[in-house]
Amino acid sequence: MPKIPILLDGDPGHDDAIAWMLAAASPELEILCVTSVGGNQSIDKTTYNALRIMALLGIQAPMGRGGPRPLLSPAMTAPSVHGESGLDGPALPEPLQEPEALSAPALMARVIAQAREPVTLVPTGPLTNVAALLLAHPELKGRIKGISLMGGGIAHGNWTPAAEFNILADPEAADIVFRSGIPITMAGLDVTEQALLFPADFERIRAVGGPVAQVVADWLEFFYQFHRSMGYPGAPIHDAVAVAWLTHPELFSGRDMYVSVETAGRYCRGSTIGDPRGRLGMPANAHVLLGVDREGFARLLTQAVGCWKEG
Ligand code: RIB
Ligand code: CA
């Protein structure tokens with residue numbers, strides 16, 4: 001099977017890191033570049049984390065650094081979830097490369113323009129870089145096959161009652177992306193809060209053995225601490241859903257619908273409003289994932305960490 005060329009863009013972040021591990025382990029995917037965006041932590045920290053993850057996983061691709069803040073909003077971070085470093089927990093190798101001189105959107109544009117075929121974007125943080133890319137290079141839209149993103153939630157939010165973190169961090173960017181006309185698969189909270197890994201899964205992953213299995217199990221232990229304190233029975237591996245859908249769509253169920261992004265609203269800024277009944281008369285702009293085979297998802301991640309096991 002020909003590989004799917006993808007661009008990873010994220011704010012690592014424990015679940016971004018696990019998503020990138022899955023992407024690097026997936027024979028169906030070819031990682032053309034990795035870009036950082038501010039979100040879970042500052043752009044300095046997410047960039048450093050991205051480079052360390054690439055060193056750990058042996059991802060051979062150019063890396064681009066995102067800008068200092070969202071399009072209009074001030075930067076917001078999530079140290080309560082991911083720690084002061086943005087990727088607290090296990091020690092990681094130091095970076096083996098520097099970011100390119102190009103900014104993240106400019107690197108994305110170069111990679112897309114030079115790709116042998118249309119590419120798939122896999123953003124798992126705020127959509128600042130993707131929006132900047134589309135604003136600066138509308139001529140490249142035809143070279144983007146689709147966007148498989150983690151963000152939003154039709155039924156509920158997590159950072160506010162109405163809004164999910166990635167969309168709330170940069171609603172203007174999300175609005176630009178959802179209005180772009182590029183096919184979107186939205187892995188929102190509706191599905192990602194079902195994509196849970198339990199402590200028994202952490203131990204199965206650790207038991208696989210090898211350097212990456214240990215690190216991923218440690219990331220899961222740390223990431224679960226916040227969620228356990230919030231009453232979750234396991235850790236929702238939000239970002240890995242955006243990757244898993246590309247390689248194993250059979251694990252998921254979903255529905256096409258028009259999704260609007262609220263950029264105003266005293267209580268609802270950053271919410272993603274789905275219109276499954278077509279009340280607005282707008283054609284669907286997203287395939288919204290709503291269900292997951294959790295066991296299959298957990299098995300996929302467990303198999304993936306084995307790719308780095310010696311022998
Ligand atoms: O709301 C969950 C999302 O916010 C995930 O992408 C997580 O990494 C954080 O960025
Ligand atoms: Ca993320």
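As the structure is a computational prediction, the values presented were derived from the model and not from experiment.
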Participant: Measure the shortest side-chain to side-chain distance between Leu251 and Trp245 over non-hydrogen atoms and say whether it is less than 4.5 angstrom.
Facilitator: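 The answer is no, as the side chains (C-beta and beyond) never meet within the 4.5 Å cut-off.
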Participant: With no hydrogens and no angle check, is any side-chain donor or acceptor of Glu28 less than 3.5 Å from a backbone partner on Ile4?
Facilitator: no
Participant: Working to the nearest 0.5 angstrom, can you tell me the gap between Leu121 CG and Leu133 CG?
Facilitator: 6.5 Å
Participant: Indicate yes or no: at least one non-hydrogen side-chain atom of Glu84 is less than 4.5 angstrom from one of Lys45.
Facilitator: yes
Participant: So which atom in Pro12 and which in Ile53 form the shortest heavy-atom distance, rounded to 0.1 Å?
Facilitator: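 Smallest interatomic distance, heavy atoms only, reads CB-CD1, 3.4 Å.
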Participant: Got a salt bridge between Arg65 and Asp44, using NZ or NE/NH1/NH2 to carboxylate O under 4.0 Å?
Facilitator: yes
Participant: Could you tell me whether His82 and Phe226 have their ring centroids closer than 6.0 angstrom?
Facilitator: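 No, the ring centres sit 6.0 Å or more apart.
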Participant: What distance do Asp239 atom CG and Asp15 atom CG have between them, rounded to the nearest 0.5 Å?
Facilitator: 3.5 Å
Participant: Distance-only, no hydrogens or angles: does the Ser103 side chain make a donor-acceptor pair with backbone N or O of Ala106 under 3.5 Å?
Facilitator: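 Side chain of Ser103 to backbone of Ala106, a donor-acceptor pair under 3.5 Å: yes, one is there.
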Participant: Are the side chains of Met108 and Val130 in touch, meaning some heavy atoms are under 4.5 Å apart?
Facilitator: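 Side chain of Met108 against side chain of Val130, heavy atoms only: contact under 4.5 Å found.
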Participant: How long is the gap from OG1 on Thr263 to CG on Asp175, to the nearest 0.5 Å?
Facilitator: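 It comes to 5.5 Å.
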Participant: Do Phe165 and Asp11 come close enough that some side-chain heavy atom pair is under 4.5 Å?
Facilitator: yes
Participant: Within the 4.5 Å heavy-atom criterion, are Ile18 and Leu301 side-chain neighbours or not?
Facilitator: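 When only atoms from C-beta onward are counted, Leu301 and Ile18 do touch, with a gap below 4.5 Å.
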Participant: Okay, side chain of Asn49, backbone of Ser85: is any donor-acceptor separation there less than 3.5 Å?
Facilitator: yes
Participant: Applying side-chain hydrogen bond (donor to acceptor under 3.5 Å, both in side chains), run through Thr47 and Arg52 and close with a yes or a no.
Facilitator: CA-CA 9 Å; Thr47 300; Arg52 294 195 295 167; over 6 Å; no
Participant: Drop me the distance from Ile205's CD1 to Glu221's CD, to the nearest 0.5 angstrom.
Facilitator: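 Spacing of CD1 (Ile205) from CD (Glu221) equals 10.0 Å.
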Participant: Could you walk me through whether Tyr48 and Glu94 pass the side-chain hydrogen bond (donor to acceptor under 3.5 Å, both in side chains) test, one step at a time?
Facilitator: CA-CA 9 Å; Tyr48 179 54; Glu94 284 304 305; 2.7 Å; yes
Participant: With salt bridge (Lys or Arg N to Asp or Glu O under 4.0 Å) as the criterion, how do Arg294 and Asp201 come out once you've worked through the C-alpha distance, each side chain's angles and the decisive distance to 0.1 Å?
Facilitator: CA-CA 11 Å; Arg294 192 212 74 81; Asp201 297 310; 3.0 Å; yes
Participant: Any idea which heavy atoms bring Glu164 and Asn158 closest together, and the distance?
Facilitator: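 Where Glu164 meets Asn158 most closely, the heavy atoms are CA-OD1, 3.1 Å.
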Participant: Side-chain donor-acceptor pair under 3.5 Å between Asp170 and Ser73, yes or no?
Facilitator: no
Participant: Are Leu8 and Leu107 connected in a single hydrophobic cluster, I mean Ile/Leu/Val/Met/Phe/Trp/Tyr linked by side-chain heavy atoms less than 4.5 Å apart?
Facilitator: no
Participant: Between Phe297 and Tyr232, is there a shared hydrophobic cluster once you connect ILVMFWY residues whose side-chain heavy atoms come closer than 4.5 Å?
Facilitator: yes
Participant: Hey, what's the ring geometry for Phe222 with His14, parallel, tilted or perpendicular (30° and 60° as the breaks)?
Facilitator: parallel
Participant: With a cut-off of under 6.0 Å to the ring centre and 45° to the axis, is Arg228 in cation-pi contact with Tyr224?
Facilitator: yes
Participant: Under a 4.0 Å N-O cut-off, is there an ion pair linking Arg116 with Glu30?
Facilitator: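 Here Arg116 pairs with Glu30 in a salt bridge, since their nearest N and O are under 4.0 Å apart.
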Participant: Can Thr120 and Leu246 be said to form a side chain to side chain contact (heavy atoms under 4.5 Å, CB included), step by step?
Facilitator: CA-CA 9 Å; Thr120 297; Leu246 291 173; 3.9 Å; yes
Participant: Roughly how far apart are Ser26 OG and Gln303 CD, rounded to 0.5 Å?
Facilitator: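 These two atoms lie 10.5 Å from each other.
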Participant: With rounding to the nearest 0.5 Å, note down the distance linking CD1 in Ile59 to CG in Leu96.
Facilitator: 11.5 Å
Participant: For residues Ala169 and Pro70, report the shortest heavy-atom separation together with the two atoms involved.
Facilitator: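 For Ala169 and Pro70, the tightest heavy-atom pair comes out as O-CG, 3.3 Å.
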Participant: Which atom pair, heavy atoms only, marks the closest approach of Ala61 to Gln97?
Facilitator: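 That would be O-NE2, 3.0 Å.
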Participant: If hydrophobic clusters are built by linking Ile, Leu, Val, Met, Phe, Trp and Tyr wherever their side-chain heavy atoms come under 4.5 Å apart, do Met54 and Val37 end up in the same one?
Facilitator: no
Participant: Considering only distance and modelled atom types, tabulate donor-acceptor pairs under 3.5 Å from the side chains of residues 136-155, sequence neighbours left out.
Facilitator:
unit_1 : atom_1 : unit_2 : atom_2 : d
His137 : ND1    : Glu139 : OE2    : 2.9
Lys141 : NZ     : Ser180 : O      : 3.1
Arg143 : NH2    : Ala115 : O      : 2.4
Ser148 : OG     : Ala242 : O      : 2.7

Participant: Please test Leu102 against Arg110 for side chain to side chain contact (heavy atoms under 4.5 Å, CB included), starting from the C-alpha separation and ending with a verdict.
Facilitator: CA-CA 9 Å; Leu102 290 174; Arg110 184 185 77 187; 3.6 Å; yes
Participant: If you look at every heavy atom in Leu127 and Phe178, which pair is closest and at what distance?
Facilitator: CD1-CE1, 4.4 Å
Participant: Would you mind reporting whether Val177 and Ile184 have side-chain heavy atoms less than 4.5 Å apart?
Facilitator: yes
Participant: Mind listing the closest non-hydrogen atom pair of Tyr258 and Pro283 along with its distance?
Facilitator: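 Closest pair (atom of Tyr258, atom of Pro283, distance): CD1-O, 3.2 Å.
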Participant: Does Thr192 reach the side chain of Leu189, with side-chain heavy atoms less than 4.5 Å apart?
Facilitator: yes
Participant: Please report the C-alpha distance between Leu300 and Leu22 in whole Å, then the side-chain angles of each, then the deciding distance to 0.1 Å, and finally whether the side chain to side chain contact (heavy atoms under 4.5 Å, CB included) criterion is met.
Facilitator: CA-CA 8 Å; Leu300 188 61; Leu22 179 60; 3.9 Å; yes
Participant: Let me see the working for Val111 and Val119 under side chain to side chain contact (heavy atoms under 4.5 Å, CB included), right down to the final yes or no.
Facilitator: CA-CA 9 Å; Val111 166; Val119 303; 5.5 Å; no
Participant: Do Glu117 and Pro5 come close enough that some side-chain heavy atom pair is under 4.5 Å?
Facilitator: yes
